[in-house]
K.L.:
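Sharing a structure here in structure tokens format.
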Amino acid sequence: MQTIHLIDNIFIANGILHTNGRDGKETMVFLKRGDLVGKCSVYSLMMMLILHKRINREDLLSKVNYEDPPYIKELKKQFLLRTQKGYSMRSLRDKLLLSFNNHIRVDVFSISNFIEDDHRKLHSMIKEQLDAEWPVQIGFSFSQGKEVHSVVAVGYSMFERTLRLFCLDPAFDLEYTSMWNNIIDINMDYGNLFKLDFNHNVTVAVHVNSILIINDKPDLPFDPEEKDSFLPF
């Protein structure tokens with residue numbers, strides 16, 4: 001029997017996708033392109049931080065407030081105060097570490113080839129993070145060219161040699177009562193690595209080639225004065 005595993009910190013309230021954000025406050029999760037400045041990679045990263053209880057959606061949509069924690073002010077400065085070009089996963093990581101003064105554990109893994117071991121590691125990291133009840137920021141390129149896109153995986157199912165990821169995609173609407181708005185099928189047939197992955201929203205082949213993950217202890221609050229917590233890898 002095929003089952004779907006979704007991370008446990010998402011739920012539907014009044015038909016809208018919510019999570020328990022920072023300070024235990026209930027907050028909406030989804031951000032669609034146009035809600036903020038920036039590209040899809042920034043939107044996906046902000047949804048990751050909401051799901052990791054670091055920020056609330058309301059923090060992002062309000063002006064800089066003197067009552068904001070220092071890391072929220074820095075996040076806005078780094079990502080939201082002016083329109084930016086798209087970021088690589090490594091650039092996102094660097095700016096995220098800067099925003100949190102290195103008090104957050106974030107890692108990036110990218111592949112640029114069709115080596116079996118690299119694909120196995122990438123796919124294993126995605127599944128392990130989702131099994132640990134945390135989201136994964138997924139980066140992929142389209143087979144037609146060098147254009148890239150970024151989404152947030154919040155769950156998965158397995159069938160045959162395919163890892164099916166249920167994702168929040170900032171380029172599309174999130175329908176009422178829905179917990180995802182895109183599906184990415186990842187090819188796990190390691191004997192046929194040149195069979196690309198598949199994006200259901202635009203029905204085209206893609207190549208999932210990078211991820212960003214945040215590794216936190218559940219419900220452990222961020223303390224900017226605690227110098228030894230959440231050090232980067």
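All values below come from the heavy atoms of this structure, side chains included, with hydrogens, waters and symmetry mates left out.
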K.L.:
Does atom CG (Asn192) have a neighbourhood of more than 12 heavy atoms from anything else shown, all under 6.0 Å?
P.N.:
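Count over threshold, so yes.
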
K.L.:
Would Val151 and Gln137 count as a side chain to side chain contact (heavy atoms under 4.5 Å, CB included) here? Give the steps.
P.N.:
CA-CA 6 Å; Val151 299; Gln137 184 165 352; over 6 Å; no

K.L.:
Quiz question: by atom type and distance under 3.5 Å, do the side chains of Ser41 and Ser44 form a donor-acceptor pair?
P.N.:
no

K.L.:
Quiz question: by atom type and distance under 3.5 Å, do the side chains of Asp185 and His200 form a donor-acceptor pair?
P.N.:
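Judged by distance alone, the side chains do pair up.
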
K.L.:
Set out, in order, the CA-CA distance, both residues' side-chain angles and the distance that settles salt bridge (Lys or Arg N to Asp or Glu O under 4.0 Å) for Asp23 and Lys53, then state yes or no.
P.N.:
CA-CA 8 Å; Asp23 300 328; Lys53 308 181 183 182; over 6 Å; no

K.L.:
For Leu130, is there any backbone N or O sitting under 3.5 Å from a side-chain donor or acceptor partner on His5?
P.N.:
yes

K.L.:
Could you see if Ile186 belongs to whatever hydrophobic cluster contains Phe114? Use Ile, Leu, Val, Met, Phe, Trp, Tyr and a side-chain cutoff under 4.5 Å.
P.N.:
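The answer is yes; both residues are in one hydrophobic cluster.
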
K.L.:
Examine the side chains of Asp107 and Asn215 and answer whether a donor and an acceptor come within less than 3.5 Å of each other.
P.N.:
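Note: Asp107 and Asn215 side chains miss the donor-acceptor criterion.
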
K.L.:
Does Cys167 form a side chain to side chain contact (heavy atoms under 4.5 Å, CB included) with Val152? I'd like the steps, not just the answer.
P.N.:
CA-CA 5 Å; Cys167 302; Val152 178; over 6 Å; no

K.L.:
State, to 0.1 Å, how close Val29 and Met47 come at their nearest heavy-atom pair, and which atoms those are.
P.N.:
O-CG, 3.4 Å

K.L.:
Are Phe198 and His207, when compared by the centres of their aromatic rings, separated by less than 6.0 Å?
P.N.:
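For Phe198 and His207, the ring centres are not under 6.0 Å apart.
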
K.L.:
Stepwise, does the salt bridge (Lys or Arg N to Asp or Glu O under 4.0 Å) test hold for Arg22 with Asp59?
P.N.:
CA-CA 10 Å; Arg22 74 179 181 96; Asp59 295 325; 2.7 Å; yes

K.L.:
Enumerate the residue pairs fulfilling ring-ring contact (aromatic ring centres under 6.0 Å, His included) with a member in residues 14-48, sequence neighbours excluded, ordered by first and then second residue.
P.N.:
none

K.L.:
Please confirm whether the ring centroid of Tyr156 lies under 6.0 Å from the ring centroid of Phe166.
P.N.:
no

K.L.:
Can you check whether Lys95's main-chain N or O pairs, donor with acceptor, with Ser99's side chain at less than 3.5 Å?
P.N.:
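Yes; at least one donor-acceptor contact below 3.5 Å.
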
K.L.:
For the ring pair His119 and Tyr190, is the centre-to-centre distance below 6.0 Å?
P.N.:
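Here the rings of Tyr190 and His119 have centres that are no less than 6.0 Å from each other.
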
K.L.:
Exactly one of Leu80, Leu45, Leu96, Asp68 should register a side chain to side chain contact (heavy atoms under 4.5 Å, CB included) with Leu75. Which one does?
P.N.:
Leu96

K.L.:
Determine whether a donor-acceptor pair (N or O, by modelled atom type, separation under 3.5 Å) exists between the side chain of Tyr87 and the backbone of Lys39.
P.N.:
no

K.L.:
Please check if the side chain of Ser124 supplies one atom and the backbone of Arg120 the other of a donor-acceptor pair under 3.5 Å.
P.N.:
no

K.L.:
Just by distance, do the side chain of Asn113 and the backbone of Ile115 share a donor-acceptor pair under 3.5 Å?
P.N.:
yes

K.L.:
Please check this pair: side chain of Gln129 against backbone of Ile214, looking for a donor-acceptor N/O pair closer than 3.5 Å.
P.N.:
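Such a contact is found between Gln129 side chain and Ile214 backbone.
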
K.L.:
Is a side-chain N or O of Asn187 found less than 3.5 angstrom from the main chain of Asp189, in a donor-acceptor match?
P.N.:
yes

K.L.:
Give the C-alpha distance, both sets of side-chain angles, the deciding distance and a yes or no for salt bridge (Lys or Arg N to Asp or Glu O under 4.0 Å) between Asp131 and Lys127.
P.N.:
CA-CA 6 Å; Asp131 283 337; Lys127 188 173 181 298; 3.1 Å; yes

K.L.:
Sub-3.5 Å donor-acceptor pair from the side chain of Asn181 to the main-chain atoms of Asp169, do we have one?
P.N.:
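It does hold such a pair.
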
